[in-house]
Amino acid sequence: MKLFLDTASTQEIKTANDIIPLDGVTTNPTLILKEGKDYKKTLKEICNIVNGPVSAETVSLDAEGMIKEGKEFAKIAKNIVVKVPMTPEGMKACRLLTKSGIRVNTTLVFSANQALLAAKAGTYLVSPFIGRLDDIGEKGMDIVREIRQIYDNYGFKTQILAASIRSTEHVKEAAMIGADIATMPFKVYEQLFNHKLTDAGIKKFLDDWGKLQKGLKKR
Ligand code: E4P
């Protein structure tokens with residue numbers, strides 16, 4: 001499974017990328033607003049750090065506007081993927097952008113049927129929002145499982161990008177189901193490394209190493 005960061009912070013992206021090269025990044029207007037920087041400049045900076053797909057979200061409500069925005073984003077870098085919402089206009093834009101050679105990420109997907117439509121429109125990535133479904137008392141991970149089955153049944157090439165991830169448990173479940181990608185906040189990414197027994201093990205080895213050094217000095 002590919003691991004993406006869901007952030008517009010170049011600092012977070014650089015930090016993660018230095019450990020294990022990131023497979024990609026997803027952004028949205030909320031994340032870019034949080035950084036307080038220019039929208040396109042931020043996308044350019046991210047594309048300079050990461051080789052994999054970098055999702056840039058459109059804000060128009062009509063297909064024509066989304067296509068115009070998408071074509072502008074595509075000029076930023078080769079690895080830009082244009083995000084469009086799961087609406088009829090979004091799917092029209094998806095079909096036409098895809099036809100013109102621009103890859104699309106269909107975002108704000110909350111049902112397996114929406115994901116089926118997005119695949120038929122030719123989307124490169126589909127983003128089911130797990131956490132936001134959990135927030136309203138539904139099981140977000142269920143739709144990832146359903147989408148996996150539908151895509152496998154019909155051989156759709158669209159990659160499932162598990163989005164709106166809130167915990168390491170979400171990452172593990174998405175991997176077990178067979179999502180192609182999980183995008184997560186930096187905090188969740190950092191937590192993936194942690195286990196209390198790893199910390200305890202390091203402490204014990206260091207303590208014993210210290211004791212060994214003392215013993216050697218006495219001789
Ligand atoms: C993904 O592309 C979205 O930007 C993101 O995962 C949304 O997550 P949220 O529900 O935590 O805002």
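Note that ligands are numbered from 1 as they come in the structure, with each ligand's atoms numbered from 1 the same way. Quick caveat: nothing in here was measured; it's all calculated off a predicted structure.
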Atom 5 (C) of ligand 1: nearest protein contact (heavy atom, Å)
Asp6 OD2, 2.8 Å
Side chains of Glu12 and Thr7, donor plus acceptor under 3.5 Å:
yes
When rounded to the nearest 0.5 angstrom, what is the spacing between CZ in Phe129 and CG in Asp135?
11.5 Å
Protein residue, atom and distance nearest to atom 8 (O) of ligand 1, heavy-atom basis
Ser164 CA, 3.4 Å
Which residue and atom name correspond to the protein heavy atom nearest atom 7 (C) of ligand 1, and how close is it?
Phe129 CE2, 3.5 Å
Counting only heavy atoms not in Lys92, do more than 12 sit closer than 6.0 Å to its NZ atom?
no
For atom 12 (O) of ligand 1, grab the closest protein heavy atom and report residue, atom and distance to one decimal in Å.
Arg132 NH2, 2.8 Å
Within this structure, what is the CD-OG distance for the pair Glu57 and Ser127, rounded to the nearest 0.5 Å?
9.0 Å
So is Glu57 close enough to ligand 1, meaning a heavy atom under 4.0 angstrom away?
no
Between atom OG1 of Thr42 and atom CD1 of Ile13, what is the distance when rounded to the nearest 0.5 Å?
9.5 Å
Can Ser55 and Thr26 be counted as having a side-chain donor-acceptor contact under 3.5 angstrom?
no
List ligand 1 atoms under 4.0 Å from Ala163, heavy atoms only on the residue side.
1 (C), 6 (O)
According to the interplanar angle, ranging from 0 to 90°, do the rings of Tyr154 and Phe156 count as parallel (below 30°), tilted (30 to 60°) or perpendicular (above 60°)?
tilted
For Lys83, the ligand 1 atoms whose distance to one of its heavy atoms is below 4.0 Å:
1 (C), 2 (O), 3 (C), 4 (O)
Does at least one non-hydrogen atom of Arg166 fall below 4.0 angstrom from an atom of ligand 1?
yes
Around atom 4 (O) of ligand 1, find the nearest protein heavy atom and jot down its residue, atom name and distance.
Asn28 ND2, 2.7 Å
